[in-house]
Amino acid sequence: MSASAYVPPHGNLLFHWERPRRRKLAIAGFLLASLGLHGLCFLLFQVIYPPTISLLPPPARVSVIAPNTEEGRTFLRWLAAEDPALVSETQRPADARAYQLPRLAHIPSYVAVPPRLRPLPSLPEQAAEPAALPPGPVPMQTAAAEPPPIVAPSTLLFSGALKDAAFTAPPLQFHAALRAAPEDARFRVAVDGAGVVRYALLESSSGDAALDAEVRRALALSRFRPETLPVAPNEKLTWATATLNFGSDLALPPAAERAP
């Protein structure tokens, strides 16, 4: 009979309806046995065993270092070498003699007993003839005073038709705004028959605009003698070139006011 043909007595059921085994008594028995075993161990190790014996500390010991062993002698030599009292005191070298005189500085004999000096000999008699170079103070030569600097005045020159004309100009005293040496200023001027400067046109600047303005003002104040002009008083203007050469009388600004 095969296993597939076996049919349980209660039919083909999905669940097992057997009554569960009683295991609560086994667990309770294990718990009680564990509790009794713990109580027995407590009684055995805490009550039956004798109490703990406390040990006293060992007595104090004193070690004496004696030179009867090589280890002791080595330790004593190390203590002597590291002694701070021996390091701070002066020790004689090992090769020094027992009796050695100290080194004394040389004291000359004339320090203790001053020597007796001989008197100075008398001066020789002077000859009758005078000496060529008698003794006396050395003559001191004073440095010669520097001559005053030569002042080169500024000059105004006319070329062309006004080269030989006589004119009068205001004082040529100019004040530069820059400390650099200016170039010669050149103007194109026009003079009428009465000797008055009508126009002054800048041709070549001096490099200083303020200085050019002062030169134009001086040209405007200049006057020519009509009889020396090449034209009549009622005729047209005379054009020429005016050149101002700046001299050493030009006033320069101080160093503190130097323009950038």
Side-chain angles (χ1 to χ4, degrees), residues 105 111 120 123-124 126-260:
V111 175
L120 294 175
L123 297 176
Q126 296 182 357
E129 64 275 4
L133 297 175
V138 179
M140 301 295 294
Q141 297 181 358
T142 58
E146 297 182 359
I150 299 176
V151 179
S154 301
T155 57
L156 180 60
L157 303 176
F158 291 91
S159 61
L162 301 177
K163 180 177 181 181
D164 299 329
F167 66 93
T168 56
L172 302 179
Q173 299 291 334
F174 303 103
H175 299 80
L178 304 176
R179 291 188 59 84
E183 302 289 339
D184 296 339
R186 187 177 296 107
F187 287 82
R188 186 70 174 172
V189 296
V191 182
D192 59 3
V196 179
V197 179
R198 294 297 181 181
Y199 301 100
L201 307 178
L202 180 64
E203 287 187 350
S204 177
S205 175
S206 63
D208 189 346
L211 199 58
D212 294 340
E214 293 186 7
V215 175
R216 181 182 285 106
R217 190 181 304 108
L219 290 175
L221 296 178
S222 300
R223 294 294 181 268
F224 288 85
R225 296 176 61 181
E227 59 272 13
T228 59
L229 296 176
V231 295
N234 297 327
E235 292 185 3
K236 299 180 180 180
L237 300 177
T238 301
W239 290 89
T241 301
T243 304
L244 185 64
N245 299 327
F246 296 99
S248 58
D249 58 347
L250 180 65
L252 299 177
E257 300 179 1
R258 183 178 301 177

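In this chain, residues are counted from 1 in sequence order.
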Determine the interplanar angle of the Trp239 and Tyr199 rings, folded into 0 to 90°, and report it as parallel if under 30°, tilted if 30 to 60°, perpendicular if over 60°.
parallel
(message) Is it the case that the side chain of Asp208 and the backbone of Ala177 share a donor-acceptor pair, with hydrogens and angles ignored and the cut-off at 3.5 Å?
(response) yes
Point to revise | Side chain to side chain, Ser154 and Asp249, heavy atoms closer than 4.5 Å | key: yes
**Prompt:** Is any side-chain heavy atom of Arg198 less than 4.5 Å from a side-chain heavy atom of Val191?
**Reply:** no
Leu156 and Ala242 have their tightest heavy-atom pair at CD1-CB, 4.4 Å
Given Arg216 and Phe187, is the side chain to side chain contact (heavy atoms under 4.5 Å, CB included) satisfied, shown in steps?
CA-CA 8 Å; Arg216 181 182 285 106; Phe187 287 82; 3.7 Å; yes
- Message: For a 4.5 angstrom cut-off between non-hydrogen side-chain atoms, does Leu172 reach Pro153?
- Response: no
- request: Take Glu214 and Phe174 through the side chain to side chain contact (heavy atoms under 4.5 Å, CB included) test and state the conclusion after the steps.
  value: CA-CA 7 Å; Glu214 293 186 7; Phe174 303 103; 3.5 Å; yes
### Query
Backbone N or O of Ala220 within a donor-acceptor pair of the Arg223 side chain at under 3.5 Å?
yes
inquiry  = Looking at Glu183, I want to see if its CD is surrounded by more than 12 non-hydrogen atoms of other residues, nucleotides or ligands under 6.0 Å.
reply    = no
With heavy-atom distances below 4.5 Å as the criterion, would you say the side chains of Asp184 and Leu244 are in contact? no
In this structure, OG of Ser206 is separated from CG of Asn245 (nearest 0.5 Å) by 12.0 Å
Nearest heavy-atom contact between Val197 and Ser222 is CG2-O, 3.8 Å
In this structure, OG1 of Thr241 is separated from CG of Leu157 (nearest 0.5 Å) by 11.5 Å
**Q.** Test log, rule side chain to side chain contact (heavy atoms under 4.5 Å, CB included), inputs Leu229 and Leu162
**A.** CA-CA 7 Å; Leu229 296 176; Leu162 301 177; 3.8 Å; yes
**Message:** Within the structure provided, determine whether Val189 and Phe158 are in side-chain contact (heavy-atom separation under 4.5 Å).
**Reply:** yes
Of all heavy-atom pairs linking Leu219 and Ala200, the shortest is CD1-CB, 4.4 Å
Taking every heavy atom of Arg186 against every heavy atom of Leu202, the minimum-distance pair comes out as O-CD1, 3.7 Å
Looking only at heavy atoms, the pair that brings Ala185 and Asp212 closest together is CB-OD1, 4.2 Å
Assess whether side chain to side chain contact (heavy atoms under 4.5 Å, CB included) is satisfied between Phe224 and Val196, documenting all intermediate values. CA-CA 7 Å; Phe224 288 85; Val196 179; over 6 Å; no
Between Thr228 and Arg225, the two heavy atoms sitting closest are OG1-O, 2.7 Å
